[in-house]
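Report on the structure given below.
Chain identifiers are assigned alphabetically (A, B, ...) following the order of the sequence lines, protein sequences preceding nucleic acid strands; residue numbering begins at 1 within each chain.
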Amino acid sequence: MTATLPVAGRRAPRGRRLLTDLAGGYLPLVVATLIVALPLVWMVIGSLKTPGEVVTQRLVLFPAHPSLDAYTTASDQIDFRQLFLNSTIVTVVGATIKVLLALTTAYALVFVQFPFKRFIFAVILVALMVPAQVSLIPNYTLIAALGGVNTYWGIILPGLGTAFGTFLLRQQFLSLPKELVEAAEMDGAGHLTRLFRVIVPVSTPTIATVALVTVVNEWNDYLWPLVVTSSARMMTLPVGLTLLRNSEGDVSAYPVLMAGAVVVIVPVLILFAFLQRYIVAGLTQGAVR
Amino acid sequence: MSSGTATAQARVDGAWPRAREPRTSRPGRRDPLALWRSPRRRRDLWVFLLLAGPNVALIVAFCWRPVVQNLQYSTLEWTLGNRTARFVGLGNFVEFFTGEGGRVLWTTLLFTVFTVGGSMLLGLLLALALNRRLVGTTFARSAVFAPFVLSGVGVGLVWVFIFDPTVGVLSNVLGRLHVHMPQWFLQPGPALAMVCIVFVWKNLGYCAVIYLAGLQSVPGDVLEAAALDGAGSWRRFWRITLPLLSPTTFFLLITTILSSLQSFDLIRIMTPLNPGTTTLMYDVYLQAFGGYNRGGYSSALATVLFVILVAVTLLQVRFLERRVHYS
């Protein structure tokens with residue numbers, strides 16, 4: 001950390017240093033934080049306004065009587081609770097299976113003998129680079145043929161194969177001392193016991209990273225759920241919100257739209273606030289060597 | 001390990017192999033059947049298939065197969081949901097490149113250049129500001145990263161509210177300053193600018209955090225030596241910091257280009273039917289699911305997108321290999 005101190009700053013006299021700190025350090029810091037925070041604050045304020053307060057020509061900074069009307073209106077137009085439930089189911093089920101698959105695959109790649117391991121790892125790695133958009137139509141026709149349109153499994157299944165989690169966990173497992181697993185094997189522990197009793201407990205930070213990034217991605221996923229659901233009862237939250245926007249052309253709907261934005265943004269924001277270290281680590285993986 | 005034959009190797013390997021990755025697969029490469037001869041190894045094969053099989057099968061089914069099938073679809077004149085299709089060869093590609101292709105690719109190029117340039121430039125400036133030991137930098141660092149993890153749909157809705165030409169807070173503030181507010185949503189140019197601004201807002205923190213990691217690895221003594229030699233801070237930045245950051249810059253360039261090319265939710269939620277923001281990615285969606293139901297044509301566009309993405313990725317792979325050699 002010390003190495004990163006600006007060299008000239010260290011020698012500057014005290015008063016001037018305070019000034020440069022303020023202008024060059026705190027000012028951009030505050031401005032940047034505000035640029036991020038203000039739109040989100042505006043979203044929350046907007047969701048508490050009445051349609052009238054939005055439509056007027058003069059700017060209403062704070063609603064006179066903050067109300068949750070927008071949230072109930074939104075629930076009337078679209079089944080908010082159902083959307084939230086759908087998103088939660090898809091996120092929890094999808095992320096759980098993905099993390100489990102990543103764990104077992106990474107374990108197999110590192111600790112189990114298999115003749116074509118390198119080739120299989122390459123198959124997984126290249127999948128990291130295949131964008132979801134290219135598989136859109138083929139996956140849609142397959143899932144539709146299997147009857148998966150407007151079903152939970154239809155939303156979840158195509159995204160289950162996980163290259164990202166496998167890659168990250170494999171790197172972590174490779175760094176573990178082999179003696180750890182050997183000792184467990186001597187004690188007669190089977191592969192699953194070795195994985196869940198020995199490897200998992202010492203790898204919790206990486207697993208947390210993979211789990212959190214997976215949860216965030218599942219929650220925010222939009223393109224595939226949009227394509228594979230047409231019934232409002234089966235949509236996830238982001239897809240349902242599009243419905244809200246499309247059905248309303250007039251500006252008085254903004255409080256309702258902001259209520260929707262709050263519901264889809266705030267859960268992830270809270271998660272991020274508490275566990276940002278792990279999320280940032282996962283999402284910036286590969287950049288920092 | 002001094003084993004001469006493959007069988008001896010397999011026996012020695014009875015316990016866990018000592019060596020790391022390369023050696024674990026070596027016995028198999030010499031004689032794949034050696035693994036089948038020992039019952040214990042045979043069991044390992046089954047364990048491997050059980051543990052890794054499902055994931056690999058899913059990846060092959062939903063990641064690899066679509067790439068091939070997409071190529072096949074792109075040669076068809078085919079309405080999504082129809083059982084019959086007509087083979088048209090390269091017809092879809094010809095139609096795209098002689099028809100709307102120019103406009104769509106131009107829009108994609110503009111969108112990519114502005115979003116990548118904007119988020120990297122501002123990200124670097126932000127990283128420089130955050131790269132100081134001041135109270136609150138840790139908080140600011142995670143604060144600016146936050147938009148990156150938020151739902152694109154939610155973020156799009158918030159900014160549509162801010163940008164709204166009649167009731168939005170921006171038009172209100174600009175109106176007081178007697179600045180005329182354009183009808184963002186209707187005109188191609190302003191609509192594109194609007195989506196670019198929001199994309200940059202969302203990605204800025206990512207670039208800043210990566211740049212920050214790069215800045216931390218710039219050796220302080222080199223900068224100090226340059227300062228003693230009389231190099232001003234501007235000169236030190238251009239001559240030392242920026243060149244040392246070039247691997248980071250390249251990494252960000254690639255990842256941001258990839259994410260920009262695949263950007264979908266912001267465009268869809270903010271300007272659903274504006275021709276000025278119909279990028280290649282968005283057109284893939286529109287042609288198949290936007291009412292046209294043109295499965296084959298959309299697959300052709302997806303193939304074009306895929307080729308571009310692979311080209312960019314290969315660039316990165318080549319560069320990363322070189323970087324490994326350097327270090």
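How far CG of B:L126 is from OG1 of A:T33: 8.0 Å, rounded to the nearest 0.5 Å. Rounding to the nearest 0.5 Å gives a distance of 10.5 Å between NZ of A:K98 and CG of B:L58. Between atom NZ of residue A:K49 and atom CZ of residue B:F161 there is a gap of 5.0 Å, rounded to the nearest 0.5 Å. The CG atom of B:L170 sits 11.0 Å away from the CH2 atom of A:W42 when rounded to the nearest 0.5 Å. In this structure, A:L192 CG and B:L51 CG are separated by 6.0 Å, a value rounded to the nearest 0.5 Å.
Contact count versus chain B (heavy atoms, under 4.5 Å) is highest, among A:G161, A:A127, A:A273, for A:G161. Among the candidates B:L258, B:V144, B:L130, the residue making the largest number of heavy-atom pairs closer than 4.5 Å to chain A is B:V144. No other option in B:G53, B:G152, B:C63, B:A302 has as many heavy-atom pairs under 4.5 Å with chain A as B:C63. Between chain B and the options A:L160, A:L226, A:L157, A:L136, the largest number of non-hydrogen pairs under 4.5 Å is found for A:L226. The greatest number of non-hydrogen atom pairs below 4.5 Å with chain A, out of B:V47, B:L50, B:L125, B:T313, is found for B:V47. Of all the listed residues (A:P267, A:P158, A:P238, A:A106), the one sharing the greatest number of non-hydrogen pairs under 4.5 Å with chain B is A:P158. Looking only at heavy-atom pairs under 4.5 Å with chain B, the residue among A:V264, A:V31, A:N139 that has the most is A:N139. Interface summary for chain B: among A:A32, A:A261, A:G260, A:P39, the most heavy-atom pairs under 4.5 angstrom belong to A:P39. Between chain A and the residues B:I162, B:V169, B:T255, B:V173, the most heavy-atom pairs under 4.5 angstrom are made by B:V169. Ranked by non-hydrogen atom pairs under 4.5 Å with chain A, the options B:K202, B:R176, B:M281, B:Q72 are led by B:M281. Most heavy-atom pairs under 4.5 Å with chain A: of the set B:A146, B:S142, B:A226, this distinction falls to B:S142. With chain B as the partner, the residue from A:A163, A:S135, A:A144 showing the most heavy-atom pairs under 4.5 Å is A:S135.
Listed here is the closest heavy atom pair of A:I120 and B:V56: CG2-CG2, 3.8 Å. The shortest non-hydrogen separation linking B:Q69 to A:P138 is OE1-CB, 3.9 Å. In this structure, A:L101 and B:P54 approach most closely via the heavy-atom pair CD2-CB, 3.8 Å. The two atoms that bring B:I59 and A:V123 nearest to each other are CG2-O, 4.2 Å, heavy atoms only. When all heavy atoms are compared, the tightest approach of B:F62 to A:I143 is CE2-CD1, 4.0 Å. Here the shortest heavy-atom pairing between B:A288 and A:I137 reads CB-CD1, 3.8 Å.
In this structure, the portion of B:L309 lying under 4.5 Å from any heavy atom of chain A is its side chain and not its backbone. Interface remark: B:V158 contributes backbone and side-chain atoms alike to the contact with chain A (heavy atom separation under 4.5 Å). Using a 4.5 Å cut-off between heavy atoms, A:V280 touches chain B through backbone and side chain atoms alike. Of the two parts of B:I269, the backbone and the side chain both hold a non-hydrogen atom closer than 4.5 Å to a non-hydrogen atom of chain A. Looking at B:L305, only its side chain comes within 4.5 Å of chain A, counting heavy atoms on both sides. At a 4.5 Å heavy-atom cutoff, the contact between B:A61 and chain A is made by backbone atoms alone. For a residue to count as touching a neighbouring chain, one of its non-hydrogen atoms must lie under 4.5 Å from one of that chain's; by this rule A:T166 touches chain B with the side chain only. Contacts between B:F48 and chain A at a heavy-atom distance below 4.5 Å involve backbone atoms as well as side-chain atoms. With a 4.5 angstrom heavy-atom cutoff, B:S298 touches chain A via backbone and side-chain atoms both. For B:V68, no part lies under 4.5 angstrom from a heavy atom of chain A. The contact between A:I35 and chain B is made by backbone and side chain atoms together, counting heavy-atom distances below 4.5 Å. Neither the backbone nor the side chain of B:V310 comes within less than 4.5 Å of any heavy atom of chain A. For a residue to count as touching a neighbouring chain, one of its non-hydrogen atoms must lie under 4.5 Å from one of that chain's; by this rule B:F306 touches chain A with backbone and side chain alike. Heavy atoms of A:I265 lying under 4.5 Å from chain B belong to its backbone as well as its side chain.
When side chains are defined from C-beta on, B:R65 counts as touching A:L142, because their heavy atoms get closer than 4.5 Å. Put simply, the side chain of A:V216 does not reach to within 4.5 Å of the side chain of B:F148, judged on heavy atoms. Between B:D265 and A:L223 there is no side-chain heavy-atom pair separated by less than 4.5 Å. Counting heavy atoms from C-beta outward, B:V160 and A:Y254 have side chains that approach closer than 4.5 Å.
Ring geometry for A:Y140 against B:F289 counts as perpendicular: the plane angle is over 60°, on a 0 to 90° scale with 30° as the lower cut.
Counting only distance, with no hydrogens or angles, the side chain of B:N55 and the backbone of A:T105 share no donor-acceptor pair below 3.5 Å. Counting only distance, with no hydrogens or angles, the side chain of B:W64 and the backbone of A:V126 share no donor-acceptor pair below 3.5 Å.
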Between A:L29 and B:F139, is the side chain to side chain contact (heavy atoms under 4.5 Å, CB included) condition met? List the steps. CA-CA 10 Å; A:L29 214 92; B:F139 172 78; over 6 Å; no
Does the side chain to side chain contact (heavy atoms under 4.5 Å, CB included) test come out yes or no for B:L150 and A:W219, once each step is laid out? CA-CA 9 Å; B:L150 301 181; A:W219 181 266; over 6 Å; no
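Side-chain contact annotation: B:S151 with A:Y222, donor-acceptor N/O pair under 3.5 Å absent.
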